[in-house]
Amino acid sequence: MARMVDQPWRQTSWMILQWSVEMPVKTTEKKPAKTGKAATSEKAEGKSTKAPAKKPNALQQPLQPSPELAAVVGDGKLTRGEVVSKVWEYIKAGNRQNPDDRREILADDKLRAVFGKDKVSMFEMNKHLARHVK
């Protein structure tokens with residue numbers, strides 16, 4: 001029988017086998033949370049760790065619609081997004097879109113007061129609405 005030194009591949013495979021058996025197995029357990037002075041002092045003082053509430057941006061600020069626009073969306077302060085949504089509700093409820101080109105809005109008397117013309121594309125609608133909110 002041959003010695004292990006004479007056949008180095010046997011010795012190498014034996015070492016690999018021994019090494020793979022002795023390797024530690026990784027666990028997926030979570031480590032406990034750190035309990036430092038900062039964590040306990042904030043709780044003791046009653047401070048919250050949440051960030052303060054941000055003030056609303058320009059799109060979230062409630063704005064007062066003009067009397068012409070209020071005839072379409074109603075009285076009371078609304079954000080810009082709510083104004084656009086209510087105008088679209090009014091347009092769809094009255095079937096005010098051009099059947100040939102759905103991008104075009106055909107104005108009735110109330111919308112003509114807001115838009116200033118008979119036909120408006122949906123892309124320029126926001127430009128006209130911006131004039132009627134403060």
Side-chain angles (χ1 to χ4, degrees):
M1 187 159 185
R3 295 176 61 200
M4 288 184 96
V5 178
D6 296 338
Q7 298 174 348
W9 59 271
R10 282 192 179 187
Q11 186 177 6
T12 307
S13 61
W14 176 255
M15 289 172 54
I16 291 172
L17 181 64
Q18 288 297 319
W19 178 71
S20 64
V21 171
E22 295 174 5
M23 285 293 293
V25 178
K26 290 186 179 181
T27 60
T28 57
E29 296 177 18
K30 290 186 176 182
K31 294 180 181 179
K34 294 182 181 179
T35 55
K37 291 181 182 179
T40 56
S41 65
E42 283 182 7
K43 290 179 184 176
E45 292 176 13
K47 293 182 181 178
S48 67
T49 58
K50 293 182 180 178
K54 294 180 182 179
K55 77 178 202 183
N57 64 22
L59 296 176
Q60 297 170 337
Q61 263 183 339
L63 302 169
Q64 184 65 43
S66 69
E68 295 87 10
L69 185 58
V72 176
V73 297
D75 291 333
K77 292 189 173 192
L78 300 167
T79 64
R80 288 181 188 271
E82 290 171 337
V83 169
V84 172
S85 294
K86 289 197 180 230
V87 169
W88 271 111
E89 286 176 18
Y90 180 82
I91 290 168
K92 291 192 181 206
N95 199 19
R96 306 303 316 163
Q97 283 181 289
N98 187 348
D100 296 332
D101 185 5
R102 305 283 293 169
R103 295 174 295 180
E104 217 172 43
I105 299 164
L106 305 173
D108 61 354
D109 293 334
K110 289 181 181 180
L111 289 177
R112 195 173 295 113
V114 175
F115 297 150
K117 50 187 180 177
D118 292 334
K119 289 182 183 179
V120 176
S121 78
M122 64 176 24
F123 304 109
E124 61 182 302
M125 180 181 75
N126 286 332
K127 176 179 73 173
H128 295 293
L129 292 178
R131 297 180 192 151
H132 291 276
V133 291
K134 293 181 184 178

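The basis for the numbers below is simple: all heavy atoms, side chains too, and nothing from hydrogens, waters or symmetry mates.
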Report the residue from L78, V73, T79, V83 that forms a side-chain contact (heavy atoms from CB on, under 4.5 Å) with V133.
V83
For E89, what residues pass the side chain to side chain donor-acceptor pair (under 3.5 Å) criterion, not counting sequence neighbours?
none
Applying side-chain contact (heavy atoms from CB on, under 4.5 Å) to V84 and M125, what does each step give before you reach the verdict?
CA-CA 9 Å; V84 172; M125 180 181 75; 4.3 Å; yes
D101: salt bridge (charged side-chain N to carboxylate O under 4.0 Å, His left out) partners, not counting sequence neighbours
R103
Value rounded to 0.5 Å, distance of OH in Y90 from CG in D108
3.5 Å
K134: partners by salt bridge (charged side-chain N to carboxylate O under 4.0 Å, His left out), with sequence neighbours left out:
none
Within-4.5 Å side-chain heavy-atom neighbours: K86 and V72
no
If I take atom CG from residue N98 and atom CD from residue E104, how far apart are they, to the nearest 0.5 angstrom?
5.0 Å
Shortest non-hydrogen pair, G76 vs P65, comes out as O-CD, 3.2 Å
Of all heavy-atom pairs between I91 and Q97, which one has the smallest distance, and what is that distance?
CG2-CG, 3.9 Å
Residues clustering with L106 (ILVMFWY side chains joined when closer than 4.5 Å, directly or via others)
none
Contacts of H128 that satisfy ring-ring contact (aromatic ring centres under 6.0 Å, His included) - sequence neighbours left out
F115
For residues 110-119, which residue pairs pass the side chain to side chain donor-acceptor pair (under 3.5 Å) check, not counting sequence neighbours?
D109-R112, R112-D118, K117-E124
Interatomic distance, M122 atom CE to W88 atom CH2 [nearest 0.5 angstrom]:
3.5 Å
